[in-house]
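Notes follow once the structure below has been shown.
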Amino acid sequence: MPSNADFTALAEPFRPELLAHCYRILGSIHDAEDLVQETYLRAWRGFDGFEGRSSVRRWLYRIATMACLTALETRKRRPLPSGLGAPSDDHRVAVAPREPTMAWLQPAPDARFGADDPATVVAARTGVRLAFIAALQYLSARQRAVLTLRDVLGFRTAEVAEMLDTTIAAVDSALRRARARLADAGPVADDLAEPDEETRRTLLDGYVDAFTRADLAALVNLLRVDVELEMPPTPTWFTGRRAVLGFLTDQVLRPDLWRLTPTSANGQSAFVIHRHAGDGRYEPYGVQVLTLIGARVARITAFNDASLVPTFGFDPALATERG
């Protein structure tokens, strides 16, 4: 039996990228964390029989991928509201009740993936990282696995076939179908026009200030005319600056109600959100992920789920006091 130190030295460096891989397939950072733990447990138990017939990295990816595929046999795809129906361009529409029992797509903190995560390849190519993950949810579980292993991680077709216990022809067929489906559901080329760093910082600082002060006049200058807003677990979502600002005015923005702490998720600018709870206390509320095009906000995806806040490194017991 190999020592724990031997196994850790060989396998542990791959944990961040395995977490990213499981997240892409599952669409949930919480589920991905569980499956990575299962992957390492399985790998430890089988390490004495590994015998170096492939690279450690490929061996771990095989275990992780098969664990994800098994998990997805009993789970549905994780959508965003934009994947369920058409948006409203009128903020006066009746907003559907929250659906907390639905398994929604979750954001993922960049800090958990490490600097060398191959997701940066996807980020460079698509620009809209969250949109890419959401588009993957339209694929079958096996198509997700094939596409991420081939197009994101760069494994050869023969390697993918070996990992999935299938044939090269089956991998090629699944990849063709996955690429075609992704082209229909995925982000468009216009979403690649992200701002430079100085413009991004100015935009984000202005957004935090306007949101915190509930300054609609300032906020209107930061949003594109075709801005979109979705807020899982609320199925209703909005398109167009007039509808988005109208909803925010009526339902969301109040001076000093919100505290926004900058972070990053899915390669995008994001904020951890706390809501004022009285007596100077701010309670965890969720995570906002912004899609930026040029010098304006093109999409606000507000994940109104307090359970996501600890995932982004915030201890709810310590982060409620304003300071």
Side-chain angles (χ1 to χ4, degrees), residues 18-36 64-87 96 98-110 112-113 117-119 121-123 125-153 164 174-188 191 228-237 265-268 270 286-287 289 291 299-305 307-308 311:
L18 288 170
L19 179 63
H21 177 59
C22 291
Y23 168 70
R24 293 185 199 102
I25 295 176
L26 299 170
S28 163
I29 189 62
H30 293 154
D31 289 352
E33 289 171 336
D34 292 342
L35 267 294
V36 169
T65 303
M66 297 306 290
C68 288
L69 293 179
T70 299
L72 286 173
E73 290 176 359
T74 57
R75 304 179 195 184
K76 298 180 179 180
R77 75 179 180 95
R78 287 179 169 267
L80 287 172
S82 54
L84 297 178
R98 293 163 65 104
E99 294 188 8
T101 59
M102 176 175 287
W104 297 97
L105 188 74
Q106 294 179 340
D110 291 342
R112 303 294 296 276
F113 295 155
D117 169 48
V121 177
V122 177
R125 186 170 66 240
T126 67
V128 189
R129 276 68 60 182
L130 193 59
F132 176 78
I133 300 298
L136 287 178
Q137 294 291 306
Y138 287 93
L139 308 181
S140 70
R142 188 159 288 262
Q143 287 173 352
R144 286 183 226 170
V146 168
L147 186 133
T148 54
L149 289 169
R150 281 285 289 113
D151 286 1
V152 178
L153 295 158
L164 300 181
L175 186 61
R176 285 195 299 272
R177 293 195 302 271
R179 286 171 174 169
R181 188 72 182 93
L182 202 64
D184 292 335
V188 297
D191 290 332
E228 295 176 332
L229 167 68
E230 51 187 334
M231 308 157 290
T234 301
T236 305
W237 61 294
N266 300 80
Q268 296 172 237
V287 175
V289 181
T291 299
R299 176 179 288 265
I300 305 168
T301 307
F303 297 90
N304 298 330
D305 178 357
S307 72
L308 292 168
T311 306

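We use all heavy atoms of the structure for the numbers below, so side chains are in, but hydrogens, waters and symmetry mates are not.
- Residues Glu99 and Pro235 have side chains in contact (heavy-atom distance under 4.5 Å, counting atoms from C-beta outward).
- A pairwise comparison of heavy atoms in Pro107 and Ala265 identifies CB-CB, 4.3 Å as the closest pair.
- For the atom pair CZ of Arg179 and CG of Leu139, the computed distance is 12.0 Å after rounding to the nearest 0.5 Å.
- The shortest heavy-atom contact between Val36 and Cys22 is CG2-SG, 4.0 Å.
- Scored by the salt bridge (Lys or Arg N to Asp or Glu O under 4.0 Å) test, Arg299 finds Glu228, Glu230 as partners (sequence neighbours excluded).
- Here the straight-line distance linking atom CZ of Phe132 with atom CG of Asn266 works out to 11.0 Å at 0.5 Å rounding.
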Let me see the working for Phe303 and Leu80 under side chain to side chain contact (heavy atoms under 4.5 Å, CB included), right down to the final yes or no.
CA-CA 10 Å; Phe303 297 90; Leu80 287 172; 3.7 Å; yes
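- A search for side-chain hydrogen bond (donor to acceptor under 3.5 Å, both in side chains) contacts involving Thr70 returns nothing, not counting sequence neighbours.
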In residues 26-35, what donor-acceptor pairs under 3.5 Å come from side-chain atoms, sequence neighbours left out?
residue : atom : partner : partner atom : Å
Ser28   : OG   : His30   : N            : 3.4
Ser28   : OG   : Asp31   : N            : 3.0
Ser28   : OG   : Gln106  : OE1          : 3.0
His30   : ND1  : Gln106  : NE2          : 3.3
His30   : NE2  : Thr311  : OG1          : 3.1
Asp31   : OD2  : Arg75   : NH1          : 3.0
Asp31   : OD2  : Arg78   : NH2          : 3.3
Glu33   : OE2  : Arg112  : NH1          : 2.8
Glu33   : OE2  : Arg112  : NH2          : 2.7

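- Every residue two or more places apart in sequence or in another chain that forms a side-chain hydrogen bond (donor to acceptor under 3.5 Å, both in side chains) with Arg150 is listed here: Thr157.
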Apply side chain to side chain contact (heavy atoms under 4.5 Å, CB included) to residues Leu164 and Leu69 and explain how you reach the verdict. CA-CA 10 Å; Leu164 300 181; Leu69 293 179; 4.0 Å; yes
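- Summarising the geometry of Ala108 relative to Phe113, their closest heavy-atom pair is CB-CZ, 3.5 Å, with the distance given to 0.1 Å.
- Residues passing the side-chain hydrogen bond (donor to acceptor under 3.5 Å, both in side chains) test with Thr65, sequence neighbours excluded: His21.
- Of the residues listed (Leu84, Asp305, Thr234), the one engaging Trp104 in a side-chain contact (heavy atoms from CB on, under 4.5 Å) is Leu84, and it is the only one.
- Within the 4.5 Å cutoff, no side-chain heavy atoms of Arg181 are placed close to those of Ser140.
- For Arg98, the side-chain hydrogen bond (donor to acceptor under 3.5 Å, both in side chains) test picks out no residue, with sequence neighbours left out.
- Among Leu182, Ile25, Leu153, the single residue meeting the side-chain contact (heavy atoms from CB on, under 4.5 Å) criterion with Leu147 is Leu182.
- Interatomic distance, Leu72 CG to Arg77 CZ, rounded to the nearest 0.5 Å: 13.0 Å.
- Looking at Trp237, its side chain never comes within 3.5 Å of a backbone N or O of Thr301 through a donor-acceptor pair.
- Contact annotation: the side chain of Thr236 never approaches that of Pro81 to less than 4.5 Å [non-hydrogen atoms, C-beta and beyond].
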